[in-house]
Engineer: 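I have a structure here, written as structure tokens, and I will follow up with some questions on it.
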Amino acid sequence: MLELKNVTKKYGRKIVLDNVSIQFRKGRVSCLLGINGVGKSTTMKAICRLIPIHSGEITVDGARICEKNIDKICFIPDLPIFDLNCRVTENFRIARVLFPNFDEKKAKEISEFFQLDQTKRLKDLSKGNLAKFNLIIGLAQNAEYVLLDEPFSGIDLFTREDFIGAFRSKFMKEGQTIIITTHEIDEIEGIAEDIILLEDGRVIKTFTKEEAQAEGLNIVETMRKVYRGGGK
């Protein structure tokens, strides 16, 4: 399990995360949802130790996240982090060096599923194809915990639907935990299991898809009910 315990993060006087506690259960697909600026990306960066926190604790499988266990976690931001002048296949070879568990064969298989031209340089890819490349890099690392920040940004609707339809059966390994932030809320209905709603840097509600369905609601309807009802 990946867990945040009473985490606070500030930028100057502005509190971005306010005493946040979240449990991301192993083997589940969790979604951090909320409007822009509520702390979704900050939460992910804090988990990966890309930014310091002011108080609280973040643990993975019961231990504080440190250099010894950080490789259990893979974080893929919404912007490309690889060499734009290199071809897709060349960047796969770079990833193999950077990430010990990177599965180049799996990366190529997902590329074929996405119909991503592996001979193109990253700088020549469209925004949607760059987003596909980022997704491929994340999923092919086979990390125990994969954090995807706005993974569907720029990807066309039909490709998103194809990807989400094949997500669990083709791309997730058994026991893997996926944590997603996204604005494409309607499309994640098919894969989201645990939902965490943020507002003003605070967790205002956590619920499962099963709990929403028991009330006769989907994720979007539950969100609407929570925000209109003041978090109730």
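On a predicted model such as this, the values are computed, not experimentally measured, just so you know.
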Engineer: If you count heavy atoms of other groups shown closer than 6.0 angstrom to NZ of K106, is the number above 12?
Structural biologist: yes
Engineer: Do you reckon I180 sits in the same ILVMFWY cluster as M172, going by side-chain contacts under 4.5 Å, direct or chained?
Structural biologist: yes
Engineer: Can you give me the closest heavy-atom contact between I219 and A192, atom names plus distance?
Structural biologist: CD1-CB, 3.6 Å
Engineer: Please say yes or no: joined through hydrophobic side-chain contacts below 4.5 Å, possibly via intermediate residues, are V16 and V38 part of one cluster?
Structural biologist: no
Engineer: What do the steps show when you test D83 against N91 for side chain to side chain contact (heavy atoms under 4.5 Å, CB included), and what is the final call?
Structural biologist: CA-CA 7 Å; D83 192 333; N91 275 298; 3.9 Å; yes
Engineer: With rounding to the nearest 0.5 angstrom, report the CD1 to CE distance, I76 to M44.
Structural biologist: 10.5 Å
Engineer: Does the side chain of Y145 reach to within under 4.5 Å of the side chain of I47, using non-hydrogen atoms?
Structural biologist: no
Engineer: Within the supplied structure, the quantity of interest is the number of heavy atoms (other residues, nucleotides, ligands) at a distance under 6.0 Å from E210 CD; does it exceed 12?
Structural biologist: yes
Engineer: So, taking the atom named CD1 in I195 and the one named OG1 in T222, what distance separates them when rounded to the nearest 0.5 Å?
Structural biologist: 8.0 Å
Engineer: Give the minimum heavy-atom separation between E189 and V220, together with the two atoms involved.
Structural biologist: OE2-N, 3.5 Å
Engineer: Strictly below 4.0 Å, N to O, side chains only: are D61 and K26 in salt-bridge contact?
Structural biologist: yes
Engineer: Salt bridge or not for E215 and K225, using N-O below 4.0 Å?
Structural biologist: yes
Engineer: Ignoring hydrogens and geometry, is there a side-chain-to-backbone donor-acceptor pair from T8 to N19 under 3.5 Å?
Structural biologist: yes
Engineer: With a sphere of 6.0 Å drawn around NZ of K127, does it hold more than 12 non-hydrogen atoms of other residues, nucleotides or ligands?
Structural biologist: no
Engineer: For the atom pair OG (S41) and CD1 (I51), what is the distance rounded to the nearest 0.5 Å?
Structural biologist: 9.5 Å
Engineer: Please give me the minimum heavy-atom distance between V203 and S21, naming the atom from each residue.
Structural biologist: CG2-O, 4.0 Å
Engineer: Determine the minimum heavy-atom distance between I15 and K10, stating which atoms define it.
Structural biologist: CG1-CG, 4.0 Å
Engineer: Going by the rule side-chain hydrogen bond (donor to acceptor under 3.5 Å, both in side chains), which residues pair with R28 if we only count those two or more places apart in sequence or in a different chain?
Structural biologist: D194
Engineer: Quick check: does any side chain N or O of E193 sit under 3.5 Å from a backbone N or O of V29, one acting as donor and the other as acceptor?
Structural biologist: yes
Engineer: Among residues at least two apart in sequence or on other chains, which ones pass ring pair (Phe, Tyr, Trp, His ring centres under 6.0 Å) with F113?
Structural biologist: F171
Engineer: Looking only at heavy atoms, which two atoms of A95 and I137 are closest? And how far apart?
Structural biologist: CB-CD1, 4.0 Å
Engineer: Is there a path of hydrophobic side-chain contacts, each under 4.5 Å between heavy atoms, that joins L130 and L116?
Structural biologist: yes
Engineer: Does E221 reach the main-chain N or O of N218 with its side chain, forming a donor-acceptor pair under 3.5 Å?
Structural biologist: yes
Engineer: Give a yes or no on whether the backbone of R64 and the side-chain of N69 come within a donor-acceptor separation of less than 3.5 Å.
Structural biologist: yes
Engineer: After noting the C-alpha distance and the side-chain angles of D149 and T181, does the key distance pass the side chain to side chain donor-acceptor pair (under 3.5 Å) rule?
Structural biologist: CA-CA 5 Å; D149 192 7; T181 70; 2.5 Å; yes
Engineer: Let's go through I136 and Q118 carefully: what are the C-alpha distance in whole Å and the side-chain angles of both, what is the deciding distance for side chain to side chain contact (heavy atoms under 4.5 Å, CB included) to 0.1 Å, and is it a yes or a no?
Structural biologist: CA-CA 12 Å; I136 293 163; Q118 299 175 50; over 6 Å; no
Engineer: Is a donor on one side and an acceptor on the other found under 3.5 Å between the side chain of K173 and the backbone of N142?
Structural biologist: yes
Engineer: Hey, does C48 have a side-chain heavy atom less than 4.5 Å from the side chain of L147?
Structural biologist: yes
Engineer: Taking only residues two or more places apart in sequence or in another chain, which ones pass side-chain hydrogen bond (donor to acceptor under 3.5 Å, both in side chains) with E90?
Structural biologist: none
Engineer: Starting from M1, can I reach F75 by hopping between I/L/V/M/F/W/Y residues whose side chains sit under 4.5 Å apart?
Structural biologist: no
Engineer: Per the side-chain contact (heavy atoms from CB on, under 4.5 Å) rule, which among L2, I73, L148, V146 passes with I179?
Structural biologist: L2
Engineer: In sequence, state the C-alpha distance, the side-chain angles, and the governing distance for I196 and T43, and then conclude on side chain to side chain contact (heavy atoms under 4.5 Å, CB included).
Structural biologist: CA-CA 12 Å; I196 301 97; T43 299; over 6 Å; no
Engineer: Are E104 and K108 close enough for a salt bridge, meaning some N to O gap below 4.0 Å?
Structural biologist: yes
Engineer: Looking at E57 and V7, what are the two nearest heavy atoms and their distance?
Structural biologist: O-CG2, 3.6 Å
Engineer: Working note: V88 + D117, criterion side chain to side chain contact (heavy atoms under 4.5 Å, CB included); need CA distance, chi angles, decisive distance, verdict.
Structural biologist: CA-CA 8 Å; V88 170; D117 188 344; over 6 Å; no
Engineer: Give, for atom CG of D18 and atom CD of E199, the distance between the pair rounded to the nearest 0.5 Å.
Structural biologist: 12.0 Å
Engineer: Mind checking what makes ring pair (Phe, Tyr, Trp, His ring centres under 6.0 Å) contact with F82, not counting sequence neighbours?
Structural biologist: F133
Engineer: Quick one: pull up OG1 in T182 and CD in E150 and give me the separation to the nearest 0.5 Å.
Structural biologist: 5.0 Å
Engineer: How would you list, by chain and number, every residue that makes a side-chain hydrogen bond (donor to acceptor under 3.5 Å, both in side chains) with R49, sequence neighbours excluded?
Structural biologist: none
Engineer: Measure the spacing between CG of L32 and CZ of F24 and express it to the nearest 0.5 Å.
Structural biologist: 4.5 Å
Engineer: Is there a path of hydrophobic side-chain contacts, each under 4.5 Å between heavy atoms of I, L, V, M, F, W or Y residues, that connects L33 with L217?
Structural biologist: no
Engineer: R87: which residues meet the side-chain hydrogen bond (donor to acceptor under 3.5 Å, both in side chains) condition with it, sequence neighbours left out?
Structural biologist: none
Engineer: Do any N or O atoms from the side chain of E144 and from the backbone of T177 form a donor-acceptor pair under 3.5 angstrom?
Structural biologist: no
